[in-house]
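Structure first, then comments.
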Amino acid sequence: MKTYKVGIVGATGMVGQRLISILENHPWFQITAIAASPRSAGKTYAEAMSGQWVMPCPMPTQVKNMVLQNALDVASVAAQVDFVFCAVNMNTDEIKALEEAYAKAECPVVSNNSAHRFTPDVPMIIPEINPQHLEVLPFQRRRLGTKRGFIAVKSNCSLQSYVPALHPLMQDFGVAKCLVCTYQAISGAGKTFDTWPEMIDNCIPYISGEEEKSEKEPLKIWGHLENGVIIPAEQPCITAQCLRIPCSDGHMAAVFASFEKKPSEQDILKAWHDFQSETQLLNLPSSPKQFLHYFEQPDRPQTKLDRGIENGMAISIGRLRPDTQYDYKFVCLSHNTLRGAAGGAVLLAELLAAKGLLD
């Protein structure tokens, strides 16, 4: 595999920091440009991030003296890279315009932002689940008038714990309805306990926009391509409640599900154990060897113990049992800034590279 030159647009935020830390020794991707808001442009990364670096690892040496560019100088940034990761803090309309500007500059965009998740010809990808949605990209390019540029997005971090657990059950058993309660770490809000001390010993039963995303985004992920756009699935019916909890990293989900054809517990466990995806077959660098891990212990998965399984890219599941109102209930866990955000974006970019879509 050739080496790709990578830009990070939004390099100073938490997702941008996580991208930089993940890409430090990546075998395929080399950071050649970093960009942020105009107020940070012109500073070295170390200067701009003085006192702001929150990753558990030291700031990579390779970026310390790189000069931050203005993210709005699209032509300049695009000329230095093969593609960009985009994780900016702007309003929705501004993000849409910025990402389309990069795409029209013939620079593919792998987005962590929500702005384009419901644009009908923009694929929203969890690589293990719906890689076939990348087939919409020629139609998107036709709309944008590009030969190489496009936008691909990853889904919201909140649903990447429970959607992977439901997915292997869809084809044989048909998930009819699902209730999910998510318990989401503060890093999902771009915060630490130092910057958000109010969260210590606290739980907030509201995260703006999160429940709508958790209910609607899975239907696009499970949708189908038709006439150049992705048509969302009609089932399962999902209702969600999302809470912010005092954990640094890791989103947990309590899931209740009913099926069109009720499986046995052993059927479900076998489906989880046997599930393999294209990312495993392609042996992508960030792909977990085993995507879904089931714990037999009644008190697992636990956020602190299990969020880092397979470099934070695997999904942990436990406590499968019958329910009195739904067919079954179980608990899931994912690392929100790795699998759910930056790591998921890197895995998506690896999938794009393996399919030749970044060439």
Side-chain angles (χ1 to χ4, degrees), residues 10 12-22 52-57 85 87-89 112-114 117 126 154-166 179-215 217-218 240-255 286 288 291-293 295 299-319 330-347:
T12 57
M14 185 171 283
V15 175
Q17 293 181 42
R18 183 67 83 174
L19 283 164
I20 284 171
S21 64
I22 291 172
Q52 304 298 314
W53 180 259
V54 297
M55 292 296 104
C57 58
F85 292 105
V88 294
N89 183 16
N112 274 277
N113 302 303
S114 63
R117 286 182 189 153
I126 297 177
K154 53 162 293 301
S155 66
N156 186 266
C157 56
S158 67
L159 56 90
Q160 295 199 48
S161 53
Y162 62 90
V163 167
L166 291 172
L179 182 154
V180 60
C181 296
T182 63
Y183 305 88
Q184 301 182 209
I186 61 173
S187 57
K191 304 286 189 179
T192 66
F193 287 117
D194 288 336
T195 60
W196 200 3
E198 297 86 354
M199 275 306 302
I200 297 173
D201 193 30
N202 196 18
C203 178
I204 299 176
Y206 173 72
I207 305 173
S208 178
E210 203 77 359
E211 288 160 1
E212 182 181 19
K213 295 172 187 174
S214 296
E215 293 170 354
E217 287 187 20
Q241 190 153 252
C242 301
L243 292 79
R244 188 72 71 192
I245 61 168
C247 289
S248 57
D249 294 299
H251 286 358
M252 186 169 279
V255 183
S286 299
F291 182 38
L292 305 175
H293 290 249
F295 286 90
D299 62 348
R300 303 281 289 277
Q302 292 181 25
T303 301
K304 192 172 183 178
L305 291 178
D306 302 316
R307 62 193 172 200
I309 289 177
E310 300 221 35
N311 298 314
M313 292 299 289
I315 308 301
S316 300
I317 313 171
R319 301 205 68 206
F330 50 90
V331 174
C332 301
L333 173 70
S334 64
H335 195 302
N336 57 297
T337 66
L338 288 170
R339 162 55 65 173
V346 171
L347 183 60

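From Thr303, atom OG1 reaches atom NE2 of His251 across 10.5 Å, with rounding to the nearest 0.5 Å. Rounded to the nearest 0.5 angstrom, Ile186 CD1 and Ile245 CD1 are separated by 10.0 Å. Taken to the nearest 0.5 Å, the OG1 atom of Thr192 stands 10.5 Å off from the CG atom of Asp249. From Phe295, atom CZ reaches atom CG of Leu305 across 8.0 Å, with rounding to the nearest 0.5 Å. In this structure, Gln52 CD and Thr195 OG1 are separated by 9.0 Å, a value rounded to the nearest 0.5 Å. One finds the NZ atom of Lys154 at 9.5 Å from the CG atom of Asn113 (value rounded to the nearest 0.5 Å).
Summarising the geometry of Tyr162 relative to Ala253, their closest heavy-atom pair is CD2-CB, 4.0 Å, with the distance given to 0.1 Å. Cys57 and Ser21 make their closest contact through SG-CB, 3.6 Å (heavy atoms, listed as atom of the first residue, atom of the second, distance). Shown here for Ser158 and Gln184, the closest heavy-atom pair between the two residues is CB-OE1, 3.2 Å. Smallest separation of non-hydrogen atoms from Pro301 and Gly318: CD-N, 3.6 Å. Considering all non-hydrogen atoms of both residues, Asn112 and Ala345 come closest at ND2-CB, 3.4 Å.
A 4.5 Å side-chain heavy-atom check between Arg300 and Ser316 finds every atom pair outside the cut-off. Contact annotation: the side chain of Cys242 approaches that of Thr182 to within less than 4.5 Å [non-hydrogen atoms, C-beta and beyond]. Put simply, the side chain of Met14 reaches to within 4.5 Å of the side chain of Met55, judged on heavy atoms. Arg244 has its side chain within reach of Ile207: a pair of non-hydrogen atoms, C-beta onward, lies under 4.5 Å apart. For the pair Cys203 and Tyr183, the minimum side-chain heavy-atom distance is 4.5 Å or more. Counting only heavy atoms from C-beta outward, the side chains of Val163 and Leu166 never approach each other to under 4.5 Å. Arg117 places a side-chain heavy atom less than 4.5 Å from the side chain of Asn156.
Looking at Asn311, its side chain never comes within 3.5 Å of a backbone N or O of Ser286 through a donor-acceptor pair. A donor-acceptor contact shorter than 3.5 Å links the side chain of Ser214 to the backbone of Glu210. In terms of modelled atom types and a separation under 3.5 Å, the side chain of Gln241 and the main chain of Cys181 share no donor-acceptor contact. In terms of modelled atom types and a separation under 3.5 Å, the side chain of Gln17 and the main chain of Val54 share a donor-acceptor contact.
Between the side chains of Ser155 and Gln160, a donor-acceptor pair is found at a separation under 3.5 Å.
More than 12 heavy atoms of other residues, nucleotides or ligands sit less than 6.0 Å from atom CG of Asp299. Around atom CD of Glu212, no more than 12 heavy atoms belonging to other residues, nucleotides or ligands sit under 6.0 Å away.
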Indicate every side-chain donor-acceptor pair of residues 330-342 with a distance under 3.5 Å to a residue at least two apart or in another chain.
| residue | atom | partner | partner atom | Å |
| --- | --- | --- | --- | --- |
| His335 | ND1 | Thr337 | N | 3.4 |
| His335 | ND1 | Leu338 | N | 3.3 |
| Asn336 | OD1 | Gly250 | N | 2.6 |
| Asn336 | ND2 | Ser187 | OG | 2.8 |
| Thr337 | OG1 | Arg18 | NE | 3.1 |
| Thr337 | OG1 | Arg18 | NH2 | 3.0 |
| Arg339 | NE | Met313 | O | 3.0 |
| Arg339 | NH1 | Glu128 | OE1 | 3.0 |
| Arg339 | NH2 | Glu128 | OE2 | 2.7 |
| Arg339 | NH2 | Met313 | O | 2.9 |

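Applying the side chain to side chain donor-acceptor pair (under 3.5 Å) criterion to Arg319, with sequence neighbours excluded, gives no partner residue.
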